[in-house]
Amino acid sequence: MADKSSKKTTTADETSTAAPTPTPAATPAAPRPDHEAPSGADFYQIHSTQLEQAFKVANTPERVRTILRQPKNELITNFPVRMDDGSYRLFKGYRIQHNNILGPFKGGLRYHWNVSLDEVKALAAIMTYKCALLEVPFGGGKGGIKVDAHTLSRDEMERVTRRFTHALGNNIGPDYDIPAPDMGTNSQVMNWMMDTYINTVNTSQKNANLAIVTGKTLSAGGTLGRTKATGQGIVYCIQEWAAERGFDLDGATIAIQGFGNVGSHSAHILSKHGCVLTAVNDHTGTIINPQGINPRKLMEWVEKHGGVKGYPGAESVSRDAFWAAEADIFIPAALELQITPEIARTIKTRVIVEGANGPSHLGVDEILEGRGIDMLPDLLANAGGVVVSYFEWIQNKRFESWDLEEVDAKLLARMKKAYQGVRKFAAEHGCTRRQAALALAINRIARVYDDRGIFP
Ligand code: GLU
């Protein structure tokens with residue numbers, strides 16, 4: 001087992017700009033999708049501003065603010081992989097470990113051309129607060145590789161994943177840092193990670209290490225309900241919101257940005273509640289059909305064609321037409337920083353439900369509030385994924401397997417509790433739901449620092 005002292009960490013007070021690393025020579029030019037391409041630096045800045053606002057609401061002690069402002073560890077690794085044509089390409093991988101006072105670092109791995117140190121730093125911090133809000137005994141982490149996953153063959157994807165896992169070595173572990181799927185990764189990628197880890201890091205404890213990643217396929221130690229978990233959690237949140245507002249979901253229209261795991265499962269589950277999907281935007285284009293788009297058929301189309309573009313059951317329109325479309329519920333489920341103040345001023349909807357992490361710019365919440373539009377923030381709305389990851393981790397640790405009803409019931413209970421907690425806090429403190437969610441999470445973390453003190 002590798003010595004912990006061999007960790008390739010940079011010190012926590014280094015910033016991404018202060019730690020220049022070579023650009024992988026062979027990373028292809030980023031394709032420009034039909035989304036706004038967010039800047040990692042802007043995203044980190046916006047996250048930091050939101051954090052400072054929440055510190056004020058929560059009246060957080062300065063010593064805790066200082067700790068939470070920076071991640072604990074920042075790992076960057078450049079690793080070579082043999083491509084199908086025999087050439088070698090260098091990839092840049094990240095793993096940011098933000099905080100582990102509540103439990104092991106936890107969070108997804110993103111394979112995307114837009115991955116950057118600043119982006120992953122913000123996403124890792126978001127995981128810390130998401131776990132704290134949902135009372136999941138994990139800290140926050142996030143990682144990724146700067147690569148367009150669509151350009152890799154299945155074999156290349158496997159070699160990239162195995163080599164990255166090997167490079168991370170003992171910097172991850174089932175009781176230390178537990179990766180999961182995120183954009184561009186899936187249960188197959190998690191299977192490869194798990195298999196590589198247990199075969200290289202601690203072979204004498206192979207079966208004890210199944211919990212090294214979550215989001216695996218069922219056959220490889222995954223749990224029922226994990227694939228749809230984020231979408232399911234979003235729907236539970238929407239149901240709570242509908243009950244709060246006396247809104248009938250039957251016949252409600254929905255618009256979704258991003259039709260990957262989160263967007264597609266949200267649409268499918270919502271359709272079972274009578275909701276009608278009328279507009280979808282993804283990196284390939286935008287489609288609209290006021291009569292309704294069948295989520296199942298669209299899922300099959302996207303599976304085959306890589307995106308919503310050209311789907312025969314709807315009209316192709318411009319990206320702007322997506323945000324101009326009218327829908328009762330808007331679910332951004334793609335990249336961060338998609339909803340600008342300008343969009344917030346004009347969007348025609350009742351509620352925005354953040355399936356993505358950080359899809360809104362600063363100022364959006366206040367504009368929406370002024371227009372009587374509700375916002376269910378990411379920490380709350382998309383937490384279903386990590387909650388069910390926690391259930392998978394428990395099952396692995398205990399060699400148990402729960403049925404789907406049990407997983408869903410436990411997820412529902414947590415989502416309800418978190419939703420009502422956020423609602424109550426926002427009402428009592430006269431703040432936005434985003435500030436309430438962050439402040440509640442920060443308070444839980446601050447209490448632990450108070451009780452335990454800071455070593456030495
Ligand atoms: N990537 C997901 C998220 O952003 C899930 C993380 C996990 O299951 O650990 O919440």
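Whatever order the structure lists ligands and atoms in, that order sets their numbers, starting from 1. Values below: every heavy atom of this structure, side chains too, minus hydrogens, waters and symmetry copies. For clarity, every value in this text was computed on a predicted model and none was experimentally measured.
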Can a salt bridge be assigned to the pair Arg433 and Glu244 using a cut-off of 4.0 Å between side-chain N and carboxylate O?
-> yes
Examine the proximity of ligand 1 to Thr230 and report which part, side chain or backbone, both or neither, has a heavy atom under 4.0 Å away.
-> neither
Should Arg162 and Glu158 count as an ion pair when the cut-off is N to O under 4.0 Å?
-> yes
Ligand 1 atoms nearer than 4.0 angstrom to some heavy atom of Lys142 are 1 (N), 3 (C), 4 (O)
Parallel, tilted or perpendicular: rings of Trp402 and Phe391 (30°, 60°) | tilted
Which word best sums up how the rings of Phe247 and Trp241 line up, parallel for under 30°, tilted for 30 to 60°, or perpendicular for over 60°?
-> tilted
Donor-acceptor side-chain pairing of Asn281 and Thr286 below 3.5 angstrom | yes
At a 4.0 Å cut-off, with the gap strictly under it, does some heavy atom of Arg226 reach an atom of ligand 1?
-> yes
Short side-chain donor-acceptor distance under 3.5 Å, His361 and Thr340 | no
Going by the order shown, which atoms of ligand 1 are within less than 4.0 Å of some heavy atom of Gly107?
-> 9 (O)
With only distance considered, is Asn382 within less than 3.5 Å of ligand 1 through an N or O on each side?
-> no
Establish, yes or no, whether a centroid distance under 6.0 Å links the rings of Phe164 and Phe79.
-> yes
Are the ring centres of His283 and His150 closer than 6.0 Å?
-> yes
Close approach of Met183 to ligand 1, heavy atoms, under 4.0 angstrom | no
Examine ligand 1 and decide if any of its atoms is less than 4.0 Å from a heavy atom belonging to Pro181.
-> yes
shortest atom 9 (O) of ligand 1-to-protein heavy-atom contact is with Lys106 NZ, 2.8 Å
Do Thr214 and ligand 1 have an N or O pair less than 3.5 Å apart?
-> no
Lys397, NZ atom: more than 12 neighbouring heavy atoms under 6.0 Å = yes
Could you check atom 8 (O) of ligand 1 against the protein and tell me its nearest heavy-atom contact, residue, atom and distance included?
-> Ser389 OG, 2.5 Å
Say whether Asn100 and Lys106, considering side chains only, have a donor N or O and an acceptor N or O under 3.5 Å apart.
-> no
Within-shell test, Arg110 vs ligand 1, heavy atom, strictly < 4.0 Å = no
Which atoms of ligand 1 are found less than 4.0 Å from any heavy atom of Asn357?
-> 4 (O)
Atoms in ligand 1 flagged as close to Met127, the criterion being non-hydrogen separation under 4.0 Å | 3 (C), 4 (O), 6 (C), 10 (O)
Give the atoms of ligand 1, by number and element, whose distance to some non-hydrogen atom of Gly385 is under 4.0 Å.
-> 8 (O)
Could you tell me whether some N/O pair between Ala180 and ligand 1 is separated by less than 3.5 angstrom?
-> no
Nearest to atom 10 (O) of ligand 1, what protein heavy atom do you find, and at what distance?
-> Lys130 NZ, 2.7 Å
